[in-house]
Amino acid sequence: MTAMRALSTTVVGLILLFLTLPIIIVVVVSFSSATYLTFPPPALGLRWYAAYFGSEAWLQSTWLSIWVAAVVVVLATILGTLAALGVAHLPKPLRVLASTLILSPLIVPGIIVAIGIYYAFAQYGLVGSPVGLILAHTCLAVPFVVTSVSASLAGIDPRLEQAALSLGATPTGAFFQITLPLIRPGVLVGALFAFITSFDELIVAIYISGSGAVSLPRRMWDDLQFQIEPTIAAVSTLTIVLTAVLMGCAHLLQRRSAT
Amino acid sequence: MMNGVGRGASVSLNDLQKSYGGVTAVAGVTLDIRSGEFLTLLGPSGSGKTTTLTMIAGFETPTDGDIAIDGKSVVAMPPYRRNIGMVFQNYALFPHLTVADNIGFPLKQRGVPKAERTKLVGDALELVQLPGYGARYPRQLSGGQQQRVALARAIVFKPRLLLMDEPLGALDKQLRETLQLEMRRLHADLGITFIYVTHDQEEALTMSDRIAVMNEGLVAQVGRPEDLYDRPDNHFVAAFIGESNFLPAVVRGFEDEVVVAEYNGSLIRAISPSKQRDAGMKVILSTRPERIRFADGAVESPAPQNRLNVTVTEAVFAGERCRYMLRTGDGSSIVLKEPSSAAIRRREVGERVEISWSVADTILV
């Protein structure tokens with residue numbers, strides 16, 4: 001028994017190491033003092049963080065990504081929550097059809113979606129503009145909100161809404177006083193996923209950010225194509241930290257809603 | 001007891017119908033519920049009782065027919081304007097609100113100021129015997145306490161009509177009986193109209209002023225509990241409420257109000273409360289097991305009796321009573337229930353005996 005246990009612990013440990021090693025290497029390299037990417041670094045230093053924070057282009061892209069993601073969060077959360085509520089009220093066959101359609105941006109390969117969006121947006125001058133990025137990312141983020149809000153809704157007794165109506169609440173009143181507080185964890189988790197979806201999104205950004213709306217992942221991609229220097233590791237580390245913090249928040253919210 | 005006339009709403013259902021796709025849930029219910037009455041809709045699952053209640057509440061729109069409250073049609077009125085209290089089977093308390101906020105919810109919707117709200121919530125908690133529970137959350141209460149809170153929430157805004165959908169279904173027997181008494185008391189104190197849905201006939205018989213027995217989307221019979229039990233209109237009611245023995249017979253003649261019918265060569269006298277019968281008609285005789293007695297040795301009742309010779313096929317001692325299964329000449333079974341007593345001789349299986357029962361307890365259904 002103990003031998004089996006030791007074996008399974010070792011296997012799980014190795015799998016975890018395999019998954020985290022690239023991240024660890026990136027983090028370590030970001031603190032390198034060398035002028036080129038090398039592991040292990042000859043000495044430690046903060047020069048690449050200094051390079052990042054000193055670069056107008058990097059900071060512009062970071063700021064763009066953050067505010068685009070913030071707008072996406074607002075749009076996707078509102079649209080996704082409304083969609084989840086609407087879908088929940090549909091009769092069963094229509095419900096399946098509607099949720100499949102809503103999830104389709106996740107099912108269709110990303111590059112296909114990206115090409116489609118590129119051609120459609122090009123006609124309306126939305127390529128190379130933050131508005132285009134916001135619209136495209138909202139499409140990609142809505143399914144996450146719908147999924148997470150639907151899961152919250154499924155756990156709510158439909159009779160609570162009836163009870164609220166019988167007690168004199170209007171449908172709007174019942175939504176804001178009863179339904180919304182009960183699905184709040186699902187809405188917040190959906191919002192976090194929407195942020196991460198937009199903030200990390202590369203494929204659509206490659207097609208439509210042009211030169212006027214270069215998001216952070218797009219800047220990283222361009223940078224990697226021309227030169228490989230540790231600034232990219234510093235940017236990656238900051239992105240990883242931000243994403244990890246958000247995922248942690250999402251996890252906490254989900255755990256709180258489960259109890 | 002306070003006089004509650006006028007404080008309760010009267011409800012008229014006129015040929016009320018509801019179908020989903022091709023499936024009929026309610027096939028045409030016509031029922032007048034009086035002001036201040038405790039009326040129970042009783043029926044098996046799928047009989048349309050909950051759908052009828054849901055339409056009165058306004059959560060479902062009738063396919064056809066009308067619902068009038070105090071003489072005014074409410075079919076086009078949304079549920080939140082009907083001012084009807086409703087208690088749900090699973091309580092439907094708002095889990096994120098305290099007991100006080102749950103009970104205060106209907107008052108808040110009506111714009112009652114906070115100070116008055118607090119007072120009314122306190123009164124309501126007092127009424128359901130849960131004073132001091134306001135700050136707790138529903139999940140911290142037992143099932144019975146949650147049901148009391150749901151009740152308080154449904155009456156705190158002084159509706160004239162209270163609907164209850166199997167409110168005691170999830171509770172254990174003892175608690176159910178306590179709450180049945182409390183609801184009777186509350187009904188008497190408030191004087192408002194109660195419409196109560198249940199599939200539990202004992203609950204219906206204990207609590208109601210009148211019962212509407214429902215079957216397959218229609219009202220099978222409406223009446224006081226004792227009327228339904230003693231004078232069932234039809235086979236369904238006789239079989240659904242309590243236990244009944246059924247014997248096939250043919251009408252042979254009439255003696256004033258009494259119908260004389262022939263069963264397997266014996267003449268049995270019966271009453272037919274609901275329908276006109278004609279000679280030669282095939283009918284079914286219905287009698288309650290506890291109204292039949294062994295004829296030998298028993299004190300002879302002055303009322304006119306029916307008699308029949310039977311064979312005991314099964315004898316079960318069940319504490320407060322003995323239950324016998326008897327076979328008649330044509331092989332039909334009759335159940336007889338006798339209060340147990342050490343002074344009464346227990347019958348043996350295989351024994352041939354004569355049984356008797358009152359003509360007034362013999363109903364044609």
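Below, read A as the first sequence line, B as the second, and so on, with proteins coming before strands; counting in each chain starts at 1. These numbers come from the heavy atoms of this one structure, side chains and all, not from hydrogens, waters or symmetry mates. Model, not experiment: these values are computed from the prediction.
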Task: Arg81(B), part contacting chain A, at a heavy-atom distance under 4.5 Å - done: neither

Open item on the list: Is Arg82(B) in contact with chain A via its backbone, its side chain, both, or neither, using a 4.5 Å heavy-atom distance?
Closed with: neither

- [ ] Report the option among Lys108(B), Arg139(B), Gln109(B), Gln89(B) that has the most heavy-atom pairs separated by less than 4.5 Å from atoms of chain A.
- [x] Gln109(B)

Task: Aromatic ring pairing Phe38(B)/Tyr196(B), orientation class (parallel under 30°, perpendicular over 60°, tilted between) - done: tilted

Task: Interatomic spacing from CG in Leu141(B) to CZ in Arg136(B) - rounded to 0.5 Å - done: 6.5 Å

TODO: Tell me, for Leu93(B) versus chain A, whether the close heavy atoms (under 4.5 Å) come from the side chain, the backbone, both or neither.
DONE: backbone

Open item on the list: Quick check for you: among Pro171(A), Ala174(A), Gly173(A), which has the greatest number of heavy-atom pairs under 4.5 Å with chain B?
Closed with: Pro171(A)

Task: CA sep, side-chain torsions, deciding dist, call: Asp123(B), Lys119(B), salt bridge (Lys or Arg N to Asp or Glu O under 4.0 Å) - done: CA-CA 6 Å; Asp123(B) 291 350; Lys119(B) 188 195 163 296; 2.9 Å; yes

- [ ] Select, from Leu182(A), Ile178(A), Leu165(A), Ile156(A), the one with the greatest count of heavy-atom pairs under 4.5 Å involving chain B.
- [x] Ile178(A)

Open item on the list: Between Asp32(B) and Arg210(B), does any side-chain N to carboxylate O distance fall below 4.0 Å?
Closed with: no

Task: Met247(A) atom CE, neighbour heavy-atom count above 12 within 6.0 Å - done: no

Open item on the list: Counting only non-hydrogen atoms closer than 4.5 Å, does Gln177(A) touch chain B with its backbone (N, CA, C, O), its side chain (CB onward), both, or neither?
Closed with: both

Task: Arg159(A) and Asp157(A) ion-paired at < 4.0 Å - done: yes

TODO: Considering only heavy atoms and a distance below 4.5 Å, find which of Asn90(B), Leu97(B), Leu107(B) pairs most often with chain A.
DONE: Asn90(B)

